[in-house]
Amino acid sequence: MTTSRILRNASMLGIAQVISMAAGFVSTAWLARMLGPELYGIIGFGTAFVSYFALSVVFGTDLYGTREIAAAPGRTQILFSRILSARLILLFVVGLIYVGVILVIDRPRQVSVVMFIQLLGLLSAAMTVDFLFQGHQRMGPPAIRQSAAALLGMIAVLILVNGPNDVFAAAAIPFSVMCFSAFLLGVFTHRRVVRLGFSFNRRGLRDVFCGSAPLLLAGLMTLVFLNVDVVMLGFLRSAEETGIYAAMCRLFLLSMFVAHIVSSAFSPALAAAGRNLEQMRAIYYRYIRIVIFLGAPICAAMVAFPAWVTLVVFGEEFVEGAGTLSLLQIAAIISYACMAPLTALVSWREQKAQMTILAMVALTNVCLNYWLIPAYGGIGAAIATLAAQGVMFALLVSRVRSKFGLFGFGTPAVAVVCSFVAFFGARFLAEFLLLISDIFSVWLLPLFMVVAALGCYLVLTYAAGVFRRSDLTAVIYVLRNRDGKNSDMEGSGPANGY
């Protein structure tokens with residue numbers, strides 16, 4: 001896969017992610033302000049809870065489908081039919097289990113109704129066929145689906161959610177628009193790409209389940225790692241405290257949008273590299289450098305200005321979550337560093353190692369949450385997340401280095417240092433200006449400081465060699481040669497520099 005094609009895919013996904021991030025940002029802020037911490041906590045708890053069942057419906061077939069279709073494009077039709085059949089079976093089984101669980105657990109009526117509404121999440125998970133296009137490295141249709149769903153959801157939230165009485169509408173909107181967008185993409189797929197069909201051949205289904213099971217377990221461990229804190233807070237602490245923490249987690253997820261763009265663009269390239277060590281090294285190191293270079297300033301800005309970000313987005317009722325936000329954003333930086341080795345293990349068929357690592361991390365996170373949440377609430381959950389991210393990074397890097405002899409985190413570490421120097425320098429300057437004079441706005445000054453810090457970050461990373469002139473030249477070249485027929489720049493720049 002050429003660098004130009006990676007960049008084109010990343011640019012399409014980037015636009016979709018920016019639109020989704022902006023729409024999600026507006027929707028989150030609006031919901032939090034209209035519902036308040038308590039009802040927002042109910043929505044957050046229900047969403048986190050249903051996500052485990054939605055993942056079971058998908059059963060790892062998204063990553064499995066992307067990998068297998070990328071490796072064998074000629075088998076797209078049969079693979080697609082088998083995956084759809086497997087999902088249909090799982091939707092029926094998991095749906096029954098989900099309804100049974102809701103009826104058994106002792107939750108307030110309002111919470112139970114929200115959880116029943118979010119049953120739509122299982123249907124939307126089963127219908128989404130983005131993996132087909134990712135496997136063929138055609139990111140346009142999934143990007144359009146994703147951005148359209150985000151915009152439609154934002155519009156629906158702004159129109160239909162105007163107070164605490166609209167909590168049920170707030171629960172239904174996200175999954176409804178996901179179902180609608182997935183349906184439209186399915187129709188497009190049937191007419192223009194591959195015919196929708198089902199294949200219930202036992203051997204074929206067994207291949208899908210066996211190939212996807214390690215990916216499901218890895219995904220389940222990841223989900224436990226990401227969502228168990230919200231679920232445990234929902235059971236162990238008040239709905240208001242859960243709502244504040246869920247809002248901070250939402251910002252944590254929004255801050256990871258760059259990671260999803262880069263991961264979707266590089267995952268097929270890593271899979272296509274096969275066992276060519278030179279190509280694996282070049283793509284892997286480039287992946288690490290790009291994802292951390294882009295992600296570090298986002299996280300550093302929130303670490304440096306957590307109270308301002310919380311106040312602007314959610315309002316005064318959520319300001320006490322500023323300390324939690326800082327801890328979660330430090331964890332987000334480590335999460336960015338984990339993306340490349342995590343994706344590489346999937347792409348290079350090291351699912352068992354990945355599953356083992358994620359299981360260890362998930363167990364660590366659950367134990368820490370069980371210990372820290374009762375005593376410290378949201379702060380304890382954030383500490384548990386940060387510690388678990390550190391454990392995951394150490395295990396992932398150790399595995400990739402021992403198995404493939406790859407590291408590549410030297411230069412990206414400089415980007416992290418530059419980001420903290422730039423943004424904390426801006427924070428101290430802002431505090432000094434507010435201290436010596438009252439002419440500066442407490443609302444606008446942090447915004448100006450963040451913009452200035454971003455410019456300082458770019459200068460520092462360029463001077464340190466993290467950002468290079470060749471990177472800009474390559475991007476300009478791609479923009480001028482969109483056909484990409486003769487733009488194979490895979491070897492541009494020394495691989496060991498990434």
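From a predicted model like this one, the values you see are computed outputs, not experimental measurements.
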With side chains defined as the heavy atoms from C-beta onward, is the minimum distance between [X] and [Y] less than 4.5 Å?
X	Y	answer
R33	F314	no
M449	L445	yes
T28	Y40	yes

Completion exercise
Minimal heavy-atom distance between E350 and F404, with the atoms involved, is CG-CZ, 3.9 Å

Side-chain donor/acceptor of [X] to backbone N/O of [Y], under 3.5 Å:
X	Y	value
S398	A394	no
S238	E241	yes
S402	R399	yes

Once the angle between the rings of [X] and [Y] is folded into 0 to 90°, is it parallel (under 30°), tilted (30 to 60°) or perpendicular (over 60°)?
X	Y	value
F393	F409	perpendicular
F305	W308	perpendicular
Y457	F423	tilted

Practice task
Quick one: do T47 and Q118 satisfy side chain to side chain contact (heavy atoms under 4.5 Å, CB included)? Show the steps, please.
Solution key: CA-CA 7 Å; T47 302; Q118 291 176 330; 3.1 Å; yes

Exercise for the section: Identify the residue among L327, L328, N369, T324 that makes a side chain to side chain contact (heavy atoms under 4.5 Å, CB included) with I383. Expected result: L327

Problem - More than 12 heavy atoms of other groups within 6.0 Å of F407 CZ - result: yes

